[in-house]
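Following: one structure in structure tokens, then a few remarks.
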Number of protein chains: 2
Amino acid sequence: MFEDRIHKILWAVVESYITSPDPVGSRFVTKKYEFNLSAATIRNTMADLEELGFLQQPHTSAGRIPTDKGYRFYVDYLSQRESAADDHLTNEIIGRLRVISNDINGLLEEASKMLSTFSHYLGVALSPRPEKTTFRGINLFAYREGSIMAVFLTDEGIVKNKVIRLDSGLTQRDLNRISDYLNSEFSGQTFDDIKARIVREMYREKILCDTLIAKAIRICEEAFSFDYGNVFISGLSEVLGLPDFSDLQRIKEISRAIEDKHLIVKLLDALSHSEGVQVVIGSENPAAEMKKFSLVLSSYKEGARPIGTIGIIGPTRMDYLRAITIVDATARFITRVLSER
Amino acid sequence: MFEDRIHKILWAVVESYITSPDPVGSRFVTKKYEFNLSAATIRNTMADLEELGFLQQPHTSAGRIPTDKGYRFYVDYLSQRESAADDHLTNEIIGRLRVISNDINGLLEEASKMLSTFSHYLGVALSPRPEKTTFRGINLFAYREGSIMAVFLTDEGIVKNKVIRLDSGLTQRDLNRISDYLNSEFSGQTFDDIKARIVREMYREKILCDTLIAKAIRICEEAFSFDYGNVFISGLSEVLGLPDFSDLQRIKEISRAIEDKHLIVKLLDALSHSEGVQVVIGSENPAAEMKKFSLVLSSYKEGARPIGTIGIIGPTRMDYLRAITIVDATARFITRVLSER
DNA sequence: CATTAGCACTCTAGCCTTGAGAGTGCTAAA
DNA sequence: TTTAGCACTCTCAAGGCTAGAGTGCTAATG
């Protein structure tokens, strides 16, 4: 498995600690893993590992626990060997998700619940990043005096609505004409593309000064500027059962993270660019509030384009193998559902 | 204020306990409230109150704390005297809410946050009960093979979308005709009314057997059957700071309540029928999971019709006066916003 | 020279005791 | 009817003690 003894032992310590939250001592290692070495030798090696920054002691004369660097070693090794596909687990997840999969937000909400029930950590699912989705249709309604309600539909099956303030006496007929125009013109393009085009068009129309079209474009300008999408976070009660969250301080930290959805969105958006499942361990985390938690993330795609992110948030002492399997299976499944039409 | 000494003392105990979470003893009452009675007398009265079920002792030789019945006495008295309008608080709430108030879901989400930040308890806001809202318009899109996406707009400014499975080769033109028909036919009616009418229509159309209309009605039937609306719950981190939630057990209870939004919806829906602010204390609560918490609720209305509910969830040891003021102000404000068009 | 056995040392967690403090209930006096 | 007094009860925090686990170092071993 490993060549160096030092790696074997580090691996053993991490694995053991992940399995049960007791600091692991030298004697324990000799018993559970058969290295044919005495406790004293293990002790020396573990002292080395501590000096190298892979392990630490909660206090003198307790066993050792991994540092973030230690977990990193463990996870990197996990990733190296071909992903140990736990087919049983994968199938179970897919089986449960298959039941619903009607509209995408429902699917994502269910996915976040699934992620949490299977992992016993927090499950997170971000709806597709608005600017990456493909425009399908728009409807405009005269909503109140001076306000228009715009309702979008995207290819991904997302419905978004937005109130636009506009001081103009547009009738419902005008609005219908505008929306017909927009639908024929922009349907099938991503919002990113559309925005770029609008900027060009605006310039042209300013010169032509066609009032209706000009107004239409003004509406677009507002309508197509999006805030973040939905975030689905589940599993708080799941997490509270964990030994890692037995003290109030940590509970407060995690619950603050849950309430501050904006932070989560930014974090996940920032991190999820690379291919496949990504693991962020404790202090590797860019956000200060998250430096005590680990993230396991993956993007789901439409075709080849990654459009959104799902993942798991848990303590650094996480069952990474299981978490990676779960996240991977879920992301793949969502990707498949999105391609199936 | 009260005539009977026994009431005076009960009031004092409840108020004192609400102010700070220490069981209140007889000596403490004599000092803080000037009854010109000795501790011994207070003691006797308190023993009486315990026998009557208004107070209880956590253990022999601790002070007394109110039972749910004790709180009920306190709240009933609060309601009797004309609602002590804390104008300052009311204005502050309204001022903060005024900023947004664009679409109703945004308003409700903000309202739930406001309820929690002002009260330091959980803030809850239910979006209007779907069947009570007024239908404004519908749009149908051919979504996938065998599926139709229906998007509704209500007078209240809510957008709802629903995927309808239908194995029929309806073109987008057909769908447009159907939605035009529905819009002209049903616009301005509540979903309750519409449902009733559909049943009648269905019967007629079955006989006439006009395929398009028949299909339209089939769509309606599915489209107008709603699940619950949105629920917005905020303030978990707020609540965790409270002395009432210093032990893990209670935290788990409340977090389970937050995750089980369905329960909250059912509970609030079931309770909010009467006029004005309503207070449900601990064991008065119909749901077993909620018997340790108190609710302060009020409906918001459109015109005269109550269409949704907001409220506060907190421990039974709650600052009821403040909570009532906050809930009342918020509900009134939402009602006003909904009328302002 | 790497490995191991042995041993003294350290630190925690749990348990018990102890004493202070708070509050009660009861009785007898005012 | 109210009050003063007093013995009693119970909790909570602090201190002390022990058992247990694990370490680091040293000297012996193959």
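Chain A is the first sequence line, chain B the second, and so forth, proteins listed ahead of strands; every chain is numbered from 1. Keep in mind that this is a model prediction, so the values were computed, not measured.
Under the 4.0 Å criterion applied to side-chain N and carboxylate O atoms, R72(A) and D68(A) are not assigned as salt-bridge partners. Taking 4.0 Å as the cut-off between side-chain N and carboxylate O, R64(B) and E50(B) count as a salt-bridged pair. The existence of a salt bridge linking D260(B) and R256(B) is excluded, since no basic side-chain nitrogen approaches an acidic carboxylate oxygen closer than 4.0 Å.
Shown for residues 14-28 of chain A: no residue has heavy atoms falling under 4.0 angstrom of DNA chain C.
The shortest heavy-atom contact between Y17(B) and P23(B) is CE1-N, 4.1 Å.
Sequence order on DNA chain D of the closest nucleotides to L37(B) and S61(B) puts L37(B) first from the 5' end.
Between the CZ atom of R43(B) and the C1' atom of dT9(D) there is a distance of 14 Å, given to the nearest Å.
Between the side chains of S38(B) and T41(B), at least one donor-acceptor pair of N or O atoms lies under 3.5 Å. Counting only N and O atoms by type, the side chains of S234(B) and S112(B) include a donor and acceptor under 3.5 Å apart. Under the 3.5 Å distance criterion, with hydrogens and angles disregarded, a donor-acceptor pair is assigned to the side chains of E259(B) and S237(A).
Ring geometry for W11(A) against Y74(A) counts as tilted: the plane angle lies between 30° and 60°, on a 0 to 90° scale. Ring geometry, Y71(A) versus Y320(A): the interplanar angle falls from 30° to 60°, so the pair is classed tilted.
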Table of protein N/O atoms under 3.5 Å from nucleotides 28-30 of chain D N/O atoms:
none

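Here the range on DNA chain C touched by chain A, meaning any atom under 4.0 Å from one of its heavy atoms, is dT3(C) to dT12(C).
Note: Y77(B) and H7(B) fail the aromatic proximity criterion, with ring centroids not under 6.0 Å apart.
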